[in-house]
Amino acid sequence: MVPKPEEINLLTGESDAQQLEAEKKPTSALDEPVSHWRPRLALNVMADNFVFDGSSLPADVHRYMKMIQLGKTVHYLPILFIDQLSNRVKDLMVINRSTTELPLTVSYDKVSLGRLRFWIHMQDAVYSLQQFGFSEKDADEVKGIFVDTNLYFLALTFFVAAFHLLFDFLAFKNDISFWKKKKSMIGMSTKLWKVKKALKMTILWRGLIPEFQFGAYSESERKTEEYDTQAMKYLSYLLYPLCVGGAVYSLLNIKYKSWYSWLINSFVNGVYAFGFLFMLPQLFVNYKLKSVAHLPWKAFTYKAFNTFIDDVFAFIITMPTSHRLACFRDDVVFLVYLYQRWLYPVDKRRVNEFGESYEEKATRAPHTD
């Protein structure tokens, strides 16, 4: 296979000692496939003393069986299964001219019939992906899900993924209901909700037909906008130096394949930073108004459940460290929201715009003639 491109320090040009020989080769030679060594061989033998029906042998196991005739009875030799799923691309070693020794680890283990058939199906599925056009790297990622993860934990993940879809639907449904009933933007950060700042605007959702018509700003809306702008001003003092400093640090201390790779990585980290900091102005608005009653808490709760589910996948699926950290940023913000909800409880004695309060409605005696 074609070897993985070497990573170098873009400023000094230094690379790992194992890649010095590759650097001396011409550029055209780096694109040619070279021999690789698999340092691990995993053997599994079925330990179950299982009696098969000769007229209906399972097709998946049959191709691994070697049978012998002993008298009138047909016996099968112990089924040997060579585990190809455990051979990952990251474990392959390049064989070059200076290689004199290669390590080999042979592992042996027993396997039950059910587990054997499961691994056979998984191995065939990975092979089918490659036949459909999946690259070696993509197929290797799929193998990593099954090999590097406990099967019971993996089954639990599939079960939890179904709840992820359910919470997505419930969060969307409650989002629509919330904005359909919303009459003003008091206490809502326009930076978080991406609502256009204007003195008068109308938002029409075709098919759902909710209409928001905001006239001149009230005093509360003006304060909300002021706090929102103030929060973004303070955060910008942190955001831009953070993005620039992170890009410079990675350029000096981290090795990349090319300048393009460094540029893309810096932009991605900037997007993660923007996504995190754009959620913070709402916390500042809540702090200034000493209230969280204006937030869509049902939708928040469902989205928080999905965030916790994403945390589970962050430990299972191979992903960059920056993306893995981004999965936990929503947890931090939601915990702060919960703290603010406890800190600023809803005041049911407060009179609303109609001159009524919840406690008055509860204690009001029925009218009698």
In Å and rounded to the nearest 0.5 Å, what is the OG to CZ distance from S291 to R341?
10.0 Å
Are F167 and K303 close enough that some pair of their side-chain heavy atoms sits under 4.5 Å apart?
no
Are the side chains of N286 and Y337 in touch, meaning some heavy atoms are under 4.5 Å apart?
yes
So I79 and M65, do their side chains get closer than 4.5 Å, heavy atoms only?
yes
Side-chain heavy atoms under 4.5 angstrom apart, residues restricted to Ile, Leu, Val, Met, Phe, Trp, Tyr: same cluster for L235 and V271?
no
Test: ring pair (Phe, Tyr, Trp, His ring centres under 6.0 Å). Region: residues 107-145. Which pairs qualify, not counting sequence neighbours?
none
Answer yes or no on whether K173 is positioned over the face of F169, meaning its NZ or CZ is under 6.0 Å from the six-membered ring centre and within 45° of the axis.
no
Report yes if the side chains of V268 and N265 come closer than 4.5 Å at any heavy-atom pair, otherwise no.
no
Does a donor on one side chain and an acceptor on the other come within less than 3.5 Å for S177 and N174?
no
Any chance you could measure R88, atom CZ, to K137, atom NZ, to the nearest 0.5 Å?
10.0 Å
Rounded distance (nearest 0.5 Å) linking atom SG of C243 with atom CZ of F267:
10.5 Å
Once rounded to the nearest 0.5 Å, what's the spacing between atom OH of Y344 and atom OH of Y287?
6.5 Å
Would you say P39 and M93 make side-chain contact, with heavy atoms under 4.5 Å?
yes
Can you list the steps and then say if R63 with D124 is a salt bridge (Lys or Arg N to Asp or Glu O under 4.0 Å)?
CA-CA 13 Å; R63 66 177 185 266; D124 291 344; 2.6 Å; yes
May I ask you to test the L80-L43 pair for a side-chain heavy-atom distance under 4.5 Å?
yes
Are a donor atom and an acceptor atom from the side chains of N269 and S266 found within less than 3.5 Å of each other?
no
Is the shortest side-chain heavy-atom distance between K110 and V45 below 4.5 Å?
no
Among the clusters formed by ILVMFWY side chains lying less than 4.5 Å apart, do V94 and W37 turn up in the same one?
no
Under the 4.5 Å side-chain heavy-atom rule for ILVMFWY, direct or indirect, which residues accompany L92?
M1, V89
Are L102 and I95 side-chain neighbours, meaning at least one heavy-atom pair lies under 4.5 Å?
yes
Please find the pair of heavy atoms, one from I120 and one from D60, that lie closest to each other, and give the distance.
CD1-O, 3.6 Å
Give a yes or no on whether the backbone of S258 and the side-chain of S261 come within a donor-acceptor separation of less than 3.5 Å.
no
Contact list for residues 53-104, test ring pair (Phe, Tyr, Trp, His ring centres under 6.0 Å), sequence neighbours left out
F52-Y76, Y64-F81
Among K143, Q123, R38, find the one that has a side chain to side chain donor-acceptor pair (under 3.5 Å) with Q84.
R38
Sub-3.5 Å donor-acceptor pair from the side chain of D48 to the main-chain atoms of F50, do we have one?
no
Rounded distance [0.5 Å steps], CG in L41 versus CD1 in I82:
6.0 Å
Determine the interplanar angle of the F305 and F308 rings, folded into 0 to 90°, and report it as parallel if under 30°, tilted if 30 to 60°, perpendicular if over 60°.
tilted
Enclosure of W259 CH2 (heavy-atom neighbours >12, cutoff 6.0 Å):
yes
